[in-house]
Amino acid sequence: MRSMTVRTRFAPSPTGYLHVGGARTALFSWLYARKHGGKFVLRIEDTDLERSTAESVNAILEGMTWLGLEYDEGPFYQTHRFDRYNAVIDDLMEKGLAYRCNCSRERLDQLRDEAMKHKQKPRYDGHCRARDISPDEPHVIRFRNPDTGVVVVDDLIRGRVSFNNEELDDLILRRTDGSPTYNLTVVVDDMDMQITHVIRGDDHLNNTPKQINILQAMGAGLPKYGHVPMILGDDGARLSKRHGAVSVMQYREDGFLPEALLNYLVRLGWSHGDQEIFSIDEMIELFDIDAVNKAASSFNTEKLMWLNQHYIKEDDPKRIAHLLSPHMGELGIDPAEGPDLADVASAHQERARTLVEMADMGAFCYKDFETFDPQAAKKHLRGVAREPLERMRTVLGSLGDWTEESLHAAVQQVSDDLEVKMGKVAQPLRVAVVGRAASPGIDVTLRLVGKAATLRRIDLALEFIRQREANAG
RNA sequence: GCUCCCUUCGUCUAGUGGUUAGGACGCUGGCCUCUCACGCCGGUAACAGGGGUUCGAGUCCCCUAGGGAGUACCA
């Protein structure tokens, strides 16, 4: 057992996109396998034919790929394994550990109502246990759950949790239509795939004793379980679309880096002292399933933003440029028609929290803005700005060498000549050239915009001031 | 209803009987500064409530409250 290699799995049902909660569960499972030199298996639990779709499978695979949670085996599809499930059910039947049941919906409903009325847990009464129902008439197959005793789950995260068998139901293993149910398929798969550590959402904690009983009936060994708590929205309510992005892929669209999301997710419900920043290697080295919190945690986009900015800041400008390019495209910009995108990215790395913000901030390097930001224009494109701008226009017009050094010197020179602080010259110039009051250093800004566009935009700004004064006058 | 689980600053968390209850995000004061950021220095804010156990409890036990999950021929 000790020498057995660790095998974990992620087993989503393909009924939607990969959401952050699932992603975190997958991450923990993946980290555990990586940390222990084990295998990470991907299994698609698609036995719900009604709700499972191929699009969802693709969405999940896409999300995992983006996050870099590569799997070693799979994806295995449960719909391909019905023969195997049926063989197991038949075997359980032969051993008398399962039985046919043809109780009607009505009877079951009645049973349930009755139990509720008496403040009891609704539970199948075993009516068909002793009846001999013909295989030819419509029926389901139920598991013969032990009547007494307790099932103890030594959960890696929750600690010891015990359930009385009296609380447990004779659950359905095979439906009337012949298809196997969830609790049976998971157990068979975990056994067949030799999963050693079942790390999953804590909505499955209540299923665990039932699954353990089935596993024992099959004579299989038990994996270790770790039930990770769920993720809530900022308001403490269950995470849903109204909280903003819940789909992993939405975060890519919103300009987040996968490593930022991963770092955020690993710190949600887990920590290693005071450390906030974890590279993938550090996560693998330091992650410990025992240290995962028991309580649900709320998703906080502000902190994710901070991490995202951190990674944007740290990353190679070339990679940022590569990732930024599609976001530029969203703004109708072709980065090939202008300064090197890595250069633009580099200038904005300390300013943008997301790639979407960066694209917005850097757009001025590629195209003329439509209008001046009203606030910025009101404050900086006034009569007093005319002279500084005219002088800048003259100095820059004759500047042969368009470098940060010469540009900085030019602004400095005009400021000195006018005997004003640099801001009195740089700010109007900035608004003239980028349309708003914030941008990288004025020297960098001018260099990126280029001489022709700079001069053109200064003229536009001077015209703006003239018109404004005419209107006011 | 019943079973199971959870509960430290607004949020993520540290803390394993003795701490001025620490860090991070956010918010905020200041420094830096051509703007915005970055960076740096400082501030703000928490043990759900009540009983025990103990010389001593955020840490152990019980109760209450509040939250969550399950209770399907969904997964």
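Throughout, protein chains are lettered first and strands after them, A, B, ... in sequence-line order, and every chain is numbered starting at 1. Model, not experiment: these values are computed from the prediction.
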[X] [atom1] to [N] [atom2]: how many Å, rounded?
{"X": "Leu261(A)", "N": "C12(B)", "atom1": "CG", "atom2": "C1'", "value": "15 Å"}
{"X": "Glu114(A)", "N": "G1(B)", "atom1": "CD", "atom2": "C1'", "value": "14 Å"}
{"X": "Asp443(A)", "N": "U33(B)", "atom1": "CG", "atom2": "C1'", "value": "13 Å"}
{"X": "Ile277(A)", "N": "A24(B)", "atom1": "CD1", "atom2": "C1'", "value": "9 Å"}
{"X": "Phe278(A)", "N": "A24(B)", "atom1": "CZ", "atom2": "C1'", "value": "11 Å"}
{"X": "Ile231(A)", "N": "U11(B)", "atom1": "CD1", "atom2": "P", "value": "16 Å"}
{"X": "Asn145(A)", "N": "U71(B)", "atom1": "CG", "atom2": "C1'", "value": "14 Å"}
{"X": "Asn308(A)", "N": "A24(B)", "atom1": "CG", "atom2": "P", "value": "20 Å"}

Taking [M] as the reference, what is the distance to [N] when you measure between their [atom1] atoms (whole Å, please)?
{"N": "G42(B)", "M": "A48(B)", "atom1": "P", "result": "29 Å"}
{"N": "C25(B)", "M": "C38(B)", "atom1": "P", "result": "10 Å"}
{"N": "G22(B)", "M": "A65(B)", "atom1": "P", "result": "33 Å"}
{"N": "C4(B)", "M": "C63(B)", "atom1": "P", "result": "12 Å"}
{"N": "A45(B)", "M": "A21(B)", "atom1": "P", "result": "14 Å"}

Mind checking whether Phe299(A) and Tyr251(A) have parallel, tilted or perpendicular rings, split at 30° and 60°? tilted

Is the ring pair His227(A)/Tyr225(A) parallel, tilted or perpendicular, if the boundaries are 30 and 60 degrees? parallel

Is [N] paired to anything, Watson-Crick or G-U wobble with both distances less than 3.5 Å, and if yes, which nucleotide?
{"N": "C38(B)", "result": "none"}
{"N": "C47(B)", "result": "none"}
{"N": "G18(B)", "result": "C55(B)"}
{"N": "U11(B)", "result": "A24(B)"}
{"N": "U3(B)", "result": "A69(B)"}

Polar atom pairs between nucleotides 63-70 of chain B and protein, under 3.5 Å, N or O only, would you list them?
from: A69(B); atom 1: OP1; to: Arg238(A); atom 2: NH1; distance (Å): 2.9
from: A69(B); atom 1: O2'; to: Asp203(A); atom 2: O; distance (Å): 3.4
from: A69(B); atom 1: N3; to: Asn206(A); atom 2: ND2; distance (Å): 3.2
from: G70(B); atom 1: O4'; to: Asn206(A); atom 2: ND2; distance (Å): 3.4

Please classify the nucleic acid contact of [X] as base, sugar-phosphate, or nothing, using heavy-atom distances under 4.0 Å.
{"X": "Leu268(A)", "answer": "sugar-phosphate"}
{"X": "Val140(A)", "answer": "base"}
{"X": "Thr176(A)", "answer": "base"}
{"X": "Ser52(A)", "answer": "nothing"}
{"X": "Gly269(A)", "answer": "sugar-phosphate"}
{"X": "Ser439(A)", "answer": "base"}

Nearest of [options] to any side-chain atom of [X]?
{"X": "Asn293(A)", "options": "U13(B), C5(B), A75(B)", "result": "U13(B)"}
{"X": "His408(A)", "options": "U35(B), C73(B), C34(B)", "result": "C34(B)"}
{"X": "Ala295(A)", "options": "C34(B), U13(B), C6(B)", "result": "C6(B)"}
{"X": "Ala438(A)", "options": "U35(B), G23(B), U3(B)", "result": "U35(B)"}
{"X": "Glu167(A)", "options": "A75(B), C12(B), C2(B)", "result": "C2(B)"}
{"X": "Arg430(A)", "options": "C5(B), U35(B), A75(B)", "result": "U35(B)"}

I want to confirm an ordering. Mapping His118(A) and Asp274(A) to their closest nucleotides on RNA chain B, which one lands closer to the 5' end? His118(A)

For Ala291(A) and Pro440(A), take the nucleotide of RNA chain B holding the closest heavy atom to each; which residue's nucleotide lies nearer the 5' end? Ala291(A)

Polar pairs (N or O, both sides) under 3.5 Å between protein and nucleotides 30-32 of chain B?
none

Classify the side-chain pair [X]/[Y] by whether it contains a donor and acceptor separated by less than 3.5 Å.
{"X": "Thr208(A)", "Y": "Arg200(A)", "result": "yes"}
{"X": "Asp46(A)", "Y": "Gln78(A)", "result": "no"}
{"X": "Asp189(A)", "Y": "Tyr85(A)", "result": "yes"}
{"X": "Thr445(A)", "Y": "Ser439(A)", "result": "yes"}
{"X": "Ser179(A)", "Y": "Asp177(A)", "result": "yes"}

Intermediate values then yes/no, ring pair (Phe, Tyr, Trp, His ring centres under 6.0 Å), Phe40(A) and Phe10(A): CA-CA 8 Å; Phe40(A) 178 59; Phe10(A) 178 52; 7.0 Å; no

Under 4.0 Å: is that the gap between some side-chain N or O of [X] and OP1 or OP2 of [N]?
{"X": "Ser298(A)", "N": "U11(B)", "answer": "no"}
{"X": "Asn300(A)", "N": "U13(B)", "answer": "no"}
{"X": "Arg112(A)", "N": "G1(B)", "answer": "no"}
{"X": "Thr47(A)", "N": "A75(B)", "answer": "yes"}
{"X": "Thr15(A)", "N": "A75(B)", "answer": "no"}

Side-chain donor or acceptor of Arg158(A) under 3.5 Å from a matching atom on the base of C5(B)? no

N-O pairing of [X] and [Y] below 4.0 Å:
{"X": "Asp368(A)", "Y": "Arg457(A)", "result": "yes"}
{"X": "Asp192(A)", "Y": "Arg43(A)", "result": "no"}
{"X": "Arg107(A)", "Y": "Asp125(A)", "result": "yes"}
{"X": "Arg123(A)", "Y": "Glu167(A)", "result": "no"}
{"X": "Glu419(A)", "Y": "Lys424(A)", "result": "no"}

Sort out for me which residue in Leu168(A), Asn145(A), Asp169(A) forms a side chain to side chain contact (heavy atoms under 4.5 Å, CB included) with Tyr124(A). Asp169(A)

What do you reckon, is CD of Glu166(A) surrounded by more than 12 foreign heavy atoms closer than 6.0 Å? yes

For the CD atom on Glu137(A), are there more than 12 heavy atoms of other groups (residues, nucleotides or ligands in this structure) within a distance under 6.0 Å? yes

Produce the list of close N/O pairs, under 3.5 Å, pairing protein atoms with atoms of nucleotides 38-49 of chain B; give distances to one decimal.
from: C38(B); atom 1: O3'; to: Lys313(A); atom 2: NZ; distance (Å): 3.0
from: G39(B); atom 1: OP1; to: Lys313(A); atom 2: NZ; distance (Å): 3.0

